[in-house]
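The structure appears right after this line, and notes come after that.
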Amino acid sequence: MDDPFHLGEAEEWVNTTATNHPNAFALVVKGDSMEPEFTEGDIIIVDPGRAYGNLSYVVVKNGTEATFKQLVIDGASVYLKPLNDRYPIKDITGIEIEIVGVVVEKTKRYY
């Protein structure tokens with residue numbers, strides 16, 4: 001996940017009261033792996049400073065790929081869970097990943 005923007009630049013600004021973290025950002029949901037809670041076109045606000053825990057919605061980076069899933073921590077095992085049952089749960093136990101941030105808000109715009 002490469003950030004094509006410099007600090008202060010963006011395609012569009014999204015107002016939020018869910019976080020005041022200076023590096024918070026918004027993403028547009030693509031695909032249907034997080035349905036029914038998050039549908040394509042929803043805007044999620046991601047707080048990179050928020051502590052994550054079991055069942056947090058997170059943006060995760062593994063190398064250059066990024067994904068948005070629910071984090072499931074079960075003892076020493078860690079999983080990324082899509083909410084849509086058509087997609088498999090991914091066991092990431094022992095895999096080096098970067099949790100980019102925690103989703104703190106969802107919105108949708110109608111243009």
Side-chain angles (χ1 to χ4, degrees):
M1 185 171 107
D2 293 322
D3 184 358
F5 301 105
H6 299 286
L7 190 60
E9 295 179 342
E11 282 183 21
E12 182 178 346
W13 289 98
V14 177
N15 292 319
T16 182
T17 58
T19 179
N20 64 356
H21 193 282
N23 295 325
F25 58 95
L27 296 173
V28 177
V29 174
K30 302 289 184 193
D32 64 351
S33 69
M34 291 300 284
E35 288 183 355
E37 180 65 28
F38 300 90
T39 60
E40 187 155 351
D42 284 350
I43 299 166
I44 56 173
I45 307 299
V46 183
D47 183 338
R50 181 76 50 110
Y52 59 85
N54 186 40
L55 304 182
S56 293
Y57 296 117
V58 294
V59 174
V60 177
K61 185 176 174 183
N62 180 4
T64 59
E65 290 187 28
T67 190
F68 162 47
K69 298 290 183 273
Q70 186 175 43
L71 183 69
V72 177
I73 302 168
D74 184 17
S77 299
V78 183
Y79 306 92
L80 292 177
K81 178 185 175 192
L83 300 182
N84 187 333
D85 291 337
R86 294 184 342 191
Y87 295 88
I89 295 173
K90 183 174 182 177
D91 185 350
I92 59 168
T93 306
I95 297 173
E96 188 172 326
I97 61 161
E98 175 187 355
I99 296 180
V100 176
V102 175
V103 175
V104 294
E105 181 178 18
K106 161 185 93 163
T107 187
K108 189 172 203 92
R109 292 199 175 155
Y110 303 95
Y111 294 98

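For the single chain, residues carry numbers from 1 onward in sequence order.
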Pairs meeting criterion ring pair (Phe, Tyr, Trp, His ring centres under 6.0 Å) with involvement of residues 40-71, two or more places apart: F38-Y57, F38-F68
I44, I43, N15, D42 screened by side-chain contact (heavy atoms from CB on, under 4.5 Å) with T107, the one that passes: I43
Single-linkage hydrophobic cluster I97~I73, side-chain heavy atoms < 4.5 angstrom: yes
Taking every non-hydrogen atom, the tightest pair across I45 and A26: CD1-CB, 3.8 Å
Inter-residue atom distance E40.CD - K108.NZ, 0.5 Å rounding: 8.5 Å
Heavy-atom closest contact (N23 atom, H21 atom, distance): N-ND1, 2.9 Å
Side-chain donor/acceptor of K106 to backbone N/O of E37, under 3.5 Å: yes
Verify same cluster id: M34, V100 (apolar side-chain graph, 4.5 Å): yes
From CA spacing to verdict: side-chain contact (heavy atoms from CB on, under 4.5 Å), L71, L80: CA-CA 5 Å; L71 183 69; L80 292 177; 4.1 Å; yes
Same cluster (ILVMFWY, side-chain, under 4.5 Å), V60 and V102: yes
Sub-4.5 Å side-chain heavy-atom contact between L83 and Q70: yes
Test item: V72 and I89 side chains (from C-beta on) under 4.5 Å apart, heavy atoms: no
Transitive ILVMFWY side-chain link V29 to Y87, under 4.5 Å: no
More than 12 heavy atoms of other groups within 6.0 Å of N54 CG: yes
Separation of T67 OG1 from K90 NZ (nearest 0.5 Å): 8.5 Å
Verdict with reasoning, E105 to T19, per side-chain contact (heavy atoms from CB on, under 4.5 Å): CA-CA 9 Å; E105 181 178 18; T19 179; over 6 Å; no
Heavy-atom donor-acceptor pair, S56 side chain to V58 backbone, under 3.5 Å: no
Shortest non-hydrogen separation from S33 to P82 and the atoms involved: O-CB, 3.3 Å
Gap between atom NZ of K81 and atom CD1 of I92 - 0.5 Å precision: 14.0 Å
